[in-house]
Amino acid sequence: MAVNKLALIRYKTIDDCLKNRFRKWTLEDLIEKVSETLYELEGITTGVSKRTIQADIQLMRGDKLGYNAPIVVKDRRFYSYEDLSYSITKAPINQSDVDKMKEIVGVLKQFNAFNYFDEMSDMIARLENNLYKSTKQTGNNIQLESNRLVKGLECIPPLYQAILSKSALLIEYKSFKAQIANQGIYFPYMLKEYRNRWFLICKAKKRPGILNLALDRIVEFQELPNEPFYAYEGVDFDRYYNDLIGVSKSERDRPHKIILEFANDHAPYVITKPLHESQVVLGKNEKTTMIRIDVVLNYELEREILGFGECVKVLHPRLLIGRIKRRLMETCKLYEEKAVSSTP
């Protein structure tokens, strides 16, 4: 049951009144007190009706909000708590709330596996302890895709803070192609995840354009408090990556019209889980279904297409057809060479 802010203010005000043992509270007194509080906190000048307060009292007495407040009427006029120590702020949560919080804790624990923020670890631990100490703990019913063996996840919290504070960074980075690591000054703008691998979107001080550095290739880094921060003008990072799959893109790249033909027995997987938000179905015949996506041509797109194997064919553009064809031919060569070498 959803409860709005004004209702919560009314319940809390009634609760404060009924906890006050030095005064007897009539229904008119409660109405007046609640009206005063609503005016002080929310500027409401219309007050509150008798019917509203009566409904609030009945709701507080019931189990819908888990209060079960022991509100009694003495001398047919004065409202009070039968239990002198009662307060709705001490009321235990009901079983429905417990079940929902268990689900939430389960989801938070999955995110915590990535060590996003140090504070979250403590928060989840306290919440889980308080929630489960009086209930029987059950397993998680929600499991997010994760890979705890991925390197560089411990860099996320300090890099995130550097982005927030707009701090220049000295980063020692070793790409897959490099023989040794190199140091450079970088200006961080955003963290981006793609298939359980994280990237720092940034600009190098001595190089033009936007770069993405894989966190698992960062050897070490440190903030440079005396280095002026370079804000990248003219790029809206909230939208910059909307027209591609993955993270590989230059400012010169523009989306292409990609037309793919899928075998009908595989098409439902692509239709129910689109390759990209731009995806549309162009047509369908007895054997195949054609879809279109508008994205940048990059390595991640090629990997996505190759992952479907024999179930997909690229129809457009010609440049992408050539790239996929060459990669498939190279793949075939590997198997042919293996077959020849294994022949007795």
Side-chain angles (χ1 to χ4, degrees), residues 1-112 116-117 119-144:
M1 178 179 181
V3 181
N4 62 40
K5 181 173 70 171
L6 296 181
L8 290 174
I9 292 174
R10 297 198 306 269
Y11 304 150
K12 180 64 169 59
T13 305
I14 294 172
D15 180 64
D16 290 338
C17 292
L18 300 185
K19 289 190 299 182
N20 184 354
R21 300 299 177 180
F22 299 100
R23 176 176 172 178
K24 293 183 177 181
W25 297 91
T26 65
L27 184 60
E28 289 72 23
D29 293 333
L30 294 175
I31 294 172
E32 182 180 355
K33 185 63 176 177
V34 171
S35 297
E36 291 176 358
T37 304
L38 289 174
Y39 175 73
E40 292 174 1
L41 298 181
E42 299 295 324
I44 297 175
T45 59
T46 55
V48 65
S49 69
K50 178 179 179 180
R51 179 178 296 180
T52 297
I53 296 300
Q54 288 176 322
D56 289 344
I57 291 173
Q58 285 301 109
L59 194 62
M60 292 171 67
R61 282 172 170 161
D63 189 44
K64 285 186 177 180
L65 298 179
Y67 291 157
N68 295 300
I71 301 174
V72 296
V73 182
K74 296 182 179 180
D75 301 328
R76 297 184 179 182
R77 185 180 180 190
F78 302 109
Y79 289 78
S80 66
Y81 283 141
E82 187 175 29
D83 181 355
L84 301 181
S85 63
Y86 179 84
S87 171
I88 62 172
T89 59
K90 299 179 182 178
I93 59 176
N94 58 36
Q95 187 58 45
S96 176
D97 292 333
V98 170
D99 293 339
K100 290 178 182 178
M101 290 181 68
K102 282 182 179 179
E103 293 179 11
I104 294 171
V105 168
V107 174
L108 287 174
K109 287 175 68 178
Q110 300 299 317
F111 281 109
N112 191 46
Y116 280 101
F117 310 105
E119 295 84 353
M120 182 172 279
S121 300
D122 295 335
M123 179 192 72
I124 295 174
R126 290 196 301 271
L127 178 59
E128 186 176 22
N129 180 65
N130 293 334
L131 179 60
Y132 290 166
K133 66 182 180 182
S134 59
T135 62
K136 184 177 180 180
Q137 184 172 356
T138 59
N140 291 330
N141 296 318
I142 298 176
Q143 188 174 80
L144 303 176

- Dump the intermediate steps for side-chain contact (heavy atoms from CB on, under 4.5 Å) on Ile57 and Leu27, then the final yes or no. CA-CA 10 Å; Ile57 291 173; Leu27 184 60; 4.2 Å; yes

- Taking all heavy atoms of Gly47 and all of Ser35, pick out the closest pair and write down the distance.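 Taking every non-hydrogen atom into account, CA-OG, 3.5 Å.
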
For the [atom1] atom of [X] and the [atom2] atom of [Y], what is their distance to the nearest 0.5 Å?
X: Leu6; Y: Thr37; atom1: CG; atom2: OG1; result: 12.0 Å
X: Glu42; Y: Ile9; atom1: CD; atom2: CD1; result: 4.5 Å
X: Lys12; Y: Ser87; atom1: NZ; atom2: OG; result: 7.0 Å
X: Lys24; Y: Lys74; atom1: NZ; atom2: NZ; result: 8.5 Å
X: Asn68; Y: Asp83; atom1: CG; atom2: CG; result: 12.5 Å
X: Arg10; Y: Met60; atom1: CZ; atom2: CE; result: 11.0 Å

Under a 4.5 Å cut-off applied to non-hydrogen side-chain atoms, are [X] and [Y] in contact?
X: Val48; Y: Asp56; result: no
X: Thr52; Y: Ile31; result: no
X: Val72; Y: Ser80; result: yes
X: Ile88; Y: Tyr11; result: yes

- Message: Between Tyr81 and Asp15, does the side chain to side chain donor-acceptor pair (under 3.5 Å) criterion hold? Intermediate values first, please.
- Response: CA-CA 9 Å; Tyr81 283 141; Asp15 180 64; 2.6 Å; yes

- Would you please name every residue forming a side-chain contact (heavy atoms from CB on, under 4.5 Å) with Asn20, sequence neighbours left out?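 side-chain contact (heavy atoms from CB on, under 4.5 Å) list for Asn20, sorted by chain: Phe22, Arg23, Trp25.
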
- Message: Can you confirm whether Tyr39 is buried at OH, in the sense that more than 12 heavy atoms of other residues, nucleotides or ligands lie under 6.0 Å from that atom?
- Response: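 No, because the 6.0 Å sphere around OH of Tyr39 holds 12 heavy atoms or fewer from other groups.
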
- Query: Should the heavy atoms of other residues, nucleotides or ligands under 6.0 Å from CZ of Arg21 be counted, would the total exceed 12?
  - Reply: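 Enclosed.
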
- Task: Just jot down the side chain to side chain donor-acceptor pair (under 3.5 Å) partners of Tyr79, sequence neighbours excluded, or say none.
- Result: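 Scan of Tyr79 (side chain to side chain donor-acceptor pair (under 3.5 Å), adjacent residues dropped) gives none.
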
- Query: Do side-chain atoms of Asp16 reach the backbone of Thr13 as a donor and acceptor pair under 3.5 angstrom?
  - Reply: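 No.
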
- Query: Can you tell me if Arg61 and Gln58 form a side-chain donor-acceptor pair at under 3.5 Å?
  - Reply: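 Yes, Gln58 and Arg61 have a side-chain donor paired with an acceptor closer than 3.5 Å.
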
